[in-house]
Structures are given as C-alpha cells and as structure tokens.
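These figures come from a predicted structure and were not determined experimentally.
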Amino acid sequence: GDQEAGEMGLAAVPGRQAAFRQGLAAAVQYAKAVGCPRIHLMAGRVPMGADRAAVAGEMEITFIENLRYAADLLAQEDMIGLVEPINNRITDPRYFLNTPHQAAAILEKVGRPNLKLQLDLFHCQIMDGNLSRNLETYFPLIGHIQIAQVPGRHEPDSPGELNFPYIFELLESLGYTGYVGCEYAPKGDTLEGLGWLRSYWESRGLQHGGTSKAAK
C-alpha cells in the first residue's frame, strides 16, 4: 500500500483488491530474487472515520478472498504466506488483525495449507499474554516467530515482562524448527545489541553461530 497515505498493507481493505494483487506480484519477484520462501501478507487498517465493528464483516470477507488468491499464487512458487496479528492497544490502533485467535479463525475459513501464522510475541503479550498456552495452542499454524521485550520493544535481555530463555526452550520442546526474527529496536548499536544472543548460546553450551562445543 501507500505508506505516505497511511496504508499498512491492503489484504483486508475493501476496494483495494487490484492494488493488493499488484503488490503481491512485486513481492513474489523480490522474494524469488533473494531466495526467501515466506511473504507477510499485511491485513491493513480500518479506514479513517469508520467504526471497526461496522466494517469488520466486510473487511474479513475481503481478507479471506485476498488470502485465497495469494495462497494459490504462492503455491505455484512453492512459497508460504504469513499473517501477523499486530496489537491495537499501543502499536497501531486501526490495524485490522489483532490477535492469534482472530488470525486462526480467518486461516481456518481460508483453508489453504500454505498460509501460516506469523506470531510476534511482543504483540501477543500486549493483547492477550498467556504466551505458553498460546504457543501450544497455535503451534500447528505457526510459520514464523518474532520477538521483542515488552513493553520497550528492545533486546530480549532488556528489562521487561518476558522470560525469553524459557520461551526459547518451550519452542524447542514443541519441535519448532523455523526462524525466530528479531523484530525489536536496538537500544544502541546493532552488533552490541546482539550480545544477548552470544550470552544465550554460552548459557546453552554453544559457541558462536549456535554450534555445539561437544561437536568440536
């Protein structure tokens, strides 16, 4: 969409289907060029001046139609589409897709195996908390994980509400083999901010790069 015009994705925005398809086609070309098999299909915002409850039904219908179109197109490229709930309490009050429950219900209605849940634990904590149970409940749908400390949205070892070593171990116990994206704003220098990861590897008996010392 047009970010300068206040758009943040188009997949659930009525009347913007043609622009969504054009953007998706471009995204597929970028993804193929960089070898990335997953594309985040952003739902978009409730239109300015509209009541969320009044437009929710039409936006969901639009979202489902666009997701089916996207899934069929992505299947031809052996790619996966992702939908991400973004909290509307702090980050984006007008964003349409806000909770894992809402996303799971929509994915069930869409009914395409190559559409998955992009679960950002920052947004999930703000909207619902209960992260352990949510990870267990929605694990079969998860195609990507993102992390940031709450409430500052900084490094995982910065002061905040979430215990990331516990969460990482839970993901391992559930059998998660995908990526964990660092969707946070570093407090300072990016490389310095990655010190949390080196410390985590060391606490697990791993060397730089996540390789086992025993294997060496």
Side-chain angles (χ1 to χ4, degrees), residues 1 6-17 19-21 23-24 27 38-72 74 79-148 150-151 153 161-162 167 170-171 174 176 178-181 183:
E7 293 178 331
M8 190 175 176
L10 297 172
V13 182
R16 300 285 277 139
Q17 287 91 331
F20 169 78
R21 295 185 179 195
L24 176 63
R38 292 172 175 82
I39 294 178
H40 176 195
L41 306 167
M42 300 191 73
R45 291 171 165 148
V46 174
M48 284 291 290
D51 177 71
R52 177 183 288 270
V55 300
E58 184 183 6
M59 291 191 73
E60 181 172 303
I61 290 171
T62 302
F63 200 18
I64 290 170
E65 290 176 352
N66 279 330
L67 288 177
R68 285 177 178 158
Y69 173 87
D72 294 344
L74 293 175
M79 291 181 179
I80 290 173
L82 301 166
V83 297
E84 178 191 4
I86 295 176
N87 83 81
N88 63 350
R89 289 177 172 167
I90 298 174
T91 302
D92 197 325
R94 289 171 40 226
Y95 200 74
F96 174 69
L97 187 66
N98 306 131
T99 68
H101 178 75
Q102 181 191 6
I106 288 172
L107 288 174
E108 183 177 2
K109 292 176 182 178
V110 173
R112 295 292 192 276
N114 66 326
L115 292 184
K116 297 289 185 179
L117 174 63
Q118 179 169 306
L119 189 63
D120 188 318
L121 299 184
F122 173 82
H123 297 304
C124 187
Q125 171 70 2
I126 290 171
M127 292 302 294
D128 192 47
N130 198 23
L131 292 187
S132 297
R133 182 59 58 86
N134 278 324
L135 281 168
E136 293 166 357
T137 299
Y138 299 112
F139 186 75
L141 294 176
I142 293 175
H144 188 60
I145 295 280
Q146 291 177 323
I147 59 170
V150 179
R153 209 171 187 180
E161 301 173 13
L162 302 184
I167 289 171
L170 175 60
L171 286 171
L174 291 171
Y176 183 66
Y179 288 100
V180 175
E183 183 85 349

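Of all heavy-atom pairs spanning G81 and L41, the tightest one is CA-CD1, 3.9 Å. Closest approach of F96 and A12 over heavy atoms only: CD2-CB, 3.7 Å. Summarising the geometry of M59 relative to P14, their closest heavy-atom pair is CG-CD, 3.9 Å, with the distance given to 0.1 Å. L24 and L74 make their closest contact through CD1-CD2, 4.4 Å (heavy atoms, listed as atom of the first residue, atom of the second, distance). Nearest heavy atom pair, residue A11 against residue N66, reads O-ND2, 2.8 Å. C124 approaches L131 most closely through the heavy-atom pair SG-CD2, 3.6 Å.
Between the side chain of N114 and the main chain of A71, a donor-acceptor pair closer than 3.5 Å is present. Using modelled atom types, no side-chain atom of T91 and backbone atom of N87 make a donor-acceptor pair closer than 3.5 Å. Under a 3.5 Å cut-off, the side chain of Y176 and the backbone N or O of L170 do not form any donor-acceptor pair.
For residues 44-57, every residue pair satisfying the salt bridge (Lys or Arg N to Asp or Glu O under 4.0 Å) rule, not counting sequence neighbours, is listed here: R45-D92.
Considering only residues two or more places apart in sequence or on other chains, E7 meets the side chain to side chain donor-acceptor pair (under 3.5 Å) condition with R16. Residues satisfying the side chain to side chain donor-acceptor pair (under 3.5 Å) criterion with N130, sequence neighbours excluded, are absent altogether. When the salt bridge (Lys or Arg N to Asp or Glu O under 4.0 Å) test is applied to E60, the partners found at least two apart in sequence or on another chain are K109. Residues passing the side chain to side chain donor-acceptor pair (under 3.5 Å) test with R68: none are found, sequence neighbours excluded. Every residue two or more places apart in sequence or in another chain that forms a side chain to side chain donor-acceptor pair (under 3.5 Å) with S132 is listed here: Y166.
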Does the side chain to side chain contact (heavy atoms under 4.5 Å, CB included) test come out yes or no for R21 and Y69, once each step is laid out? CA-CA 8 Å; R21 295 185 179 195; Y69 173 87; 3.4 Å; yes

Test side chain to side chain contact (heavy atoms under 4.5 Å, CB included) on F20 and T62 and set out the steps. CA-CA 11 Å; F20 169 78; T62 302; over 6 Å; no

Would H144 and Y179 count as a side chain to side chain contact (heavy atoms under 4.5 Å, CB included) here? Give the steps. CA-CA 6 Å; H144 188 60; Y179 288 100; 3.8 Å; yes

Intermediate values then yes/no, side chain to side chain contact (heavy atoms under 4.5 Å, CB included), I145 and L135: CA-CA 10 Å; I145 295 280; L135 281 168; 4.1 Å; yes

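Between N98 atom CG and R89 atom CZ the span is 9.5 Å, to the nearest 0.5 Å. Separation of atoms CG (L115) and CD1 (I39) is listed at 11.0 Å; rounding is to 0.5 Å. Going from atom OH of Y138 over to atom CG of L117 covers 9.0 Å, rounded to the nearest 0.5 Å. Once rounded to the nearest 0.5 Å, the distance linking CD1 of I126 with CG of N88 reads 10.5 Å. The line from OG1 of T99 to NE2 of H123 is 12.5 Å long, rounded to the nearest 0.5 Å. With values rounded to the nearest 0.5 angstrom, I167 atom CD1 is found 5.0 Å from L162 atom CG.
Residues R38 and K116 have side chains not in contact (no heavy-atom distance under 4.5 Å, counting atoms from C-beta outward). Side-chain atoms of I86 and L97, non-hydrogen and from C-beta on, never get closer than 4.5 Å to each other.
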